[in-house]
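Because the structure is a prediction, the values reported are computed rather than measured.
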Amino acid sequence: MLLDKTIQELHKGLVNKEFSVFDIVKECYDHIEQSQRKLNAFITVVDKDAALKQAMEKDKAISSSSLLYGIPFVLKDTYVSRGIRTTCASRVLGDFISPYNATVLQKLLDAGAILIGKMNMDAWGHGATSENTDFGPVRNPWDATRVAGGSSGGCAVAIAARMAVFAIGEDTGGSIRNPAAWCNITGLKVTYGRVSRYGCIAYASSFDTVGPMAKTAEDCAVILGVIAGKDPYDATSSSNDVPDYVNIMQTKKVKNVVIGISKEFYGDGLDSDIRQAIFDAQKVFKDMGVIIKDISMPLFDYGIPVYYLIGPSETSSNLARYDGVRYGNRRDYFTEETTRRIMMGTHALSTGYYDEYYRKAQKARTLFIKEYEKMLSVCDVVLMPVTPTHATKIGEFANDPLKNLLVDVYTVSQNPVGVPSLALPCGFSQSKLPIGMQIVGKMFSEDLLFALGHQYQSRTNWHTQKPSL
Amino acid sequence: MSKGTLSKEIIEHIAKLAKLNLSATQIEKFQPQLASVFGYISKIQTLKTNGVMETSQVTGLENVMRDDMVDEKRMLSQDEALRNAKRTHNGFFVVDAVLKEF
């Protein structure tokens, strides 16, 4: 199957004329036709004939200008795209057609990549299960009675079910990493500002990050090299140089790199199979010459309160613009979960509660930044689980919003701080559900995360496992 | 009413601030849910933050400027700008009246 190959393998095959862009795109559509009805990963599938026609045009002038030339990909439906509807999984936007492209999309199109779909998700990024959507829940390809994770659930399913070569997700508090873990793929939450957010519909502006989701750390490195960098249209994008991630990933020595592990991560709430998988991963890292060191994260338990005060506050402000005047429908169309989050934020920002909630959380955010600085001064990266449990059953959390929030316990504390985190497969439960781990690094240390991830994946085969569909 | 308890009146007040038209049934439903969530996140009050500065963003950037020039690549025609609107009139957006006639 062509879609089992890495991006570099596909590129080599295209340049050597072993197969064509048409063949790759055709295989994506074959898999979409086979699995979409069951898994509900797409909100919009780009017209097949149009995509195949594009593929044939690319085949006429095979180019080695970019590794992504002729590679089919999908976008979380939070990125605006000219001429193709953008819904953010909400009936509030309805059939909104953007007059411009998100920067990340434009960069990929300029590199020669082919957009084939816009993916289902939790509306506005509000959720960890991709059930908070007006387009029906996304289903997990490993067990269709379970959720795919969220909020970038459709993206993760597209990769796991081989319906696209790579995806662009969006991570505000775990939205790339959580579905990556539950669907057995690799996903990167980038350093805040590493990739332009222009054209990415805002959830919580000071947390939102745009990042790659793919089969391997290597593929994520290829993609980040294309999408990272300063964008004049996003004033928060960083002007730091974009390193040659692929080259560094292959050559960087990881011997004597120090991985920190904190006892706070292994409390009672953690599933025993996940605990075991992370311990097993530590052994692999030790074999690579990496040093494992005990560290401490006393603030760990405050991650959820900080995130769920600041995130909803920012979203209540960002979503105030949806009034149905210039585009979209009225506010009555917000889902229950989105309504709750708008109300949480409105309350935290309101007169009489601002100091107690919002201001307090902004101060706690400073303490988290210091905590991470301290941890990452005694180790190079921190290793932790992505989720405390396996993918939940569809509908399991429908009447318990608090439980839904607690799924994010391992992934919410990085976004307020801004640090990058690579999520990758590290095992399966006894019932054959995927398990993920995340490696969290210093600001702009994506190169080291890729090196560790790539070298781990060259010693293990968790990431090559795929669901039978 | 002590702080930290989310009464029905507070829920109605929040909904009004957020311009959300909630039915009585929805208010009944959201009240215990939001109370339980705030009950959990109020744990933040136990954190000592005396003398700690607030953080609102992590870029380290300040006052990012651009030239005061029109970027024609980003300009929309009137037609493009109106294309997604449900209600337009003579090339303008139609909004509900906010002022009453005397």
Structural part of [X] lying under 4.5 Å from a heavy atom of chain A:
X: B:K16; value: neither
X: B:T46; value: both
X: B:L47; value: both
X: B:L82; value: neither
X: B:L61; value: side chain
X: B:K29; value: side chain
X: B:I44; value: both

Under a 4.5 Å cutoff for heavy-atom pairs, which residue among [options] has the most contacts with chain A?
options: B:V64, B:V58, B:V94; answer: B:V58
options: B:M65, B:K43, B:H13; answer: B:K43
options: B:I41, B:N84, B:T49; answer: B:N84

Any donor-acceptor pair under 3.5 Å from [X] side chain to [Y] backbone:
X: B:S7; Y: B:I10; result: yes
X: A:S81; Y: A:I84; result: yes
X: A:K118; Y: A:Y79; result: yes

Could you tell me which portion of [X] (side chain, backbone, both or neither) has an atom closer than 4.5 angstrom to a non-hydrogen atom of chain B?
X: A:T236; result: both
X: A:D301; result: both
X: A:Y100; result: neither
X: A:A364; result: both
X: A:S205; result: neither
X: A:S238; result: neither
X: A:F334; result: side chain
X: A:L405; result: side chain
X: A:L299; result: side chain
X: A:Y308; result: both
X: A:L406; result: side chain

Heavy-atom pairs under 4.5 Å with chain B - which of [options] has more of them than the others?
options: A:M343, A:K370, A:R359; answer: A:M343
options: A:R330, A:R365, A:M443; answer: A:R365
options: A:G418, A:G193, A:A235; answer: A:A235

| field | Ring center gap for A:F207 and A:Y307 short of 6.0 angstrom | value |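 Yes; A:Y307 has its ring centre under 6.0 Å from that of A:F207.
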| note | Shortest non-hydrogen pair, A:A202 vs A:N318, comes out as CB-ND2, 3.5 Å
| When you measure from the centre of the six-membered ring of B:F30, is the NZ or CZ of A:R340 under 6.0 Å away and within 45° of the axis? | no
| task | To the nearest 0.5 Å, tell me how far A:I342 CD1 sits from B:L20 CG. | result | 5.5 Å
| field | A:D171 CG to A:D208 CG distance, which is reported to the nearest 0.5 Å | value |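 Reported to 0.5 Å precision, the distance equals 9.0 Å.
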| said: Among A:S413, A:S421, A:S445, A:P420, which residue satisfies the side chain to side chain contact (heavy atoms under 4.5 Å, CB included) criterion with A:V440? | reply: A:S421
| query | Any idea how A:Y327 and A:Y322 line up, ring-wise: parallel (<30°), tilted (30 to 60°), or perpendicular (>60°)? | reply |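 A:Y327 vs A:Y322 ring planes: perpendicular.
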| For the residue pair A:Y353 and A:Y357, does the interplanar ring angle fall in the parallel (under 30°), tilted (30 to 60°) or perpendicular (over 60°) class? |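 Rings of A:Y353 and A:Y357: parallel, as their planes differ by under 30°.
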| query | Would you say the side chain of B:K86 lies within less than 4.5 Å of the side chain of A:N329, judging by non-hydrogen atoms? | reply |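 When only atoms from C-beta onward are counted, B:K86 and A:N329 do touch, with a gap below 4.5 Å.
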| query | Would you call A:R85 and A:L93 a side-chain contact if the rule is heavy atoms closer than 4.5 Å? | reply | no
| field | Under-4.0 Å salt bridge between A:E337 and A:R341 | value |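 A:R341 and A:E337: salt-bridged.
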